[in-house]
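Quick caveat: nothing in here was measured; it's all calculated off a predicted structure.
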Amino acid sequence: MPAIPQRRHWLLAAAVAASLGLGACSSVNNSARNALYAVTPYKIEVVQGNFVSKEQVEALKPGMTRQQVREILGTSLLTDVFHSSRWDYVFTIRRQGVEPQQRRLTLYFNGDVLDRFEGDPMPSEEEFVATLDTRRRSGKVPQLEASEDQLKKFEPKDSDKAKDKPSDSEPAAQTAPLPAAYPPLESR
């Protein structure tokens, strides 16, 4: 019957480990909690809708046809069956660590002709791209010029120059002529 006392020891060790583990959960202080909040999973950028730039809005003029508007802005995100004379362009972007952006542009048609449009102020394409670039820039731009002394370090040596240049007595390497036609990539 020596197996029964060994079993009790294992059960006692498991119970002690479980109670210590559960007790550790309640002892998380603020610094440990802040460290846990700093480690977050990666959240992908969610871009939905049509981006409409200030330049595209400036190109819109009342009196344009639906086809002309579609060529400038693309197909609208929302087309309501009950309001066929209204097109809604909605753009949202959600990124980790940045406030979500949402912009709307609503166009109203009278028949097949653009009557009016209204919406949020739109950024130019350059402004929008600048908000997307989240890389940190250092204030110091590296020097891109080299002095004559620095360039001399990289000049080939005289012995290397002699190896690279073919002598006049050696014939120049002949390259094979290109074929007149290439074989087809797929066989039929």
Side-chain angles (χ1 to χ4, degrees), residues 21-147 150-151 153-154 178 181-188:
L22 291 174
C25 291
S26 66
S27 66
V28 175
N29 59 12
N30 283 340
S31 61
R33 193 169 282 130
N34 290 340
L36 289 175
Y37 286 135
V39 178
T40 59
Y42 175 73
K43 296 178 184 174
I44 61 169
E45 294 181 3
V46 178
V47 179
Q48 294 178 323
N50 309 60
F51 170 71
V52 179
S53 68
K54 182 180 5 178
E55 295 86 2
Q56 289 173 306
V57 173
E58 289 172 353
L60 293 176
K61 305 287 182 228
M64 296 177 95
T65 65
R66 289 178 189 251
Q67 183 60 33
Q68 290 171 325
V69 170
R70 192 176 288 120
E71 287 173 4
I72 293 172
L73 300 178
T75 306
S76 67
L77 182 65
L78 300 171
T79 305
D80 191 354
V81 177
F82 299 109
H83 300 102
S84 61
S85 62
R86 174 179 164 169
W87 286 358
D88 291 301
Y89 289 85
V90 181
F91 173 76
T92 59
I93 182 169
R94 290 185 188 92
R95 298 171 48 205
Q96 185 172 356
V98 179
E99 282 291 318
Q101 299 177 26
Q102 181 172 1
R103 293 188 174 82
R104 296 175 164 268
L105 178 67
T106 304
L107 285 74
Y108 298 95
F109 291 90
N110 187 3
D112 193 38
V113 178
L114 179 63
D115 184 37
R116 61 187 169 93
F117 54 91
E118 58 189 38
D120 300 330
M122 301 295 173
S124 68
E125 289 185 26
E126 288 180 15
E127 293 169 345
F128 179 68
V129 170
T131 62
L132 293 179
D133 189 10
T134 59
R135 294 176 292 178
R136 295 185 183 181
R137 291 174 178 38
S138 65
K140 186 177 178 183
V141 177
Q143 181 183 359
L144 298 178
E145 295 179 0
S147 67
Q150 292 171 332
L151 291 174
K153 292 179 187 176
F154 298 103
L178 296 175
Y182 292 97
L185 296 176
E186 298 176 359
S187 61
R188 294 184 186 197

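- Without hydrogens or angle criteria, Gln56 side chain to Ile72 main chain gives a donor-acceptor distance under 3.5 Å.
- Under the side chain to side chain donor-acceptor pair (under 3.5 Å) criterion, Thr106 pairs with Asp88, sequence neighbours left out.
- Residues passing the salt bridge (charged side-chain N to carboxylate O under 4.0 Å, His left out) test with Arg66, sequence neighbours excluded: Asp112.
- Every residue two or more places apart in sequence or in another chain that forms a side-chain contact (heavy atoms from CB on, under 4.5 Å) with Glu58 is listed here: Lys54.
- Remark: Arg70 engages Gln67 in a side chain to side chain donor-acceptor pair (under 3.5 Å) (not counting sequence neighbours).
- Atom CD in Glu71 sits 7.5 Å away from atom OG1 in Thr65 (nearest 0.5 Å).
- Under the ring pair (Phe, Tyr, Trp, His ring centres under 6.0 Å) criterion, the residue pairs touching residues 67-94 are Phe51-Phe91, Trp87-Phe109, Phe91-Phe128, with sequence neighbours excluded.
- Under the 3.5 Å distance criterion, the side-chain polar atoms of Asn50 are left unmatched by any main-chain donor or acceptor of Ser76.
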Which donor-acceptor pairs under 3.5 Å do the side chains of residues 113-126 make with protein atoms, sequence neighbours left out?
unit_1, atom_1, unit_2, atom_2, d
Arg116, NH1, Glu118, OE1, 3.2
Asp120, OD2, Arg104, N, 2.9
Ser124, OG, Glu127, N, 3.2

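- With sequence neighbours excluded, the residues satisfying side-chain contact (heavy atoms from CB on, under 4.5 Å) with Ser147 are Asp149, Gln150.
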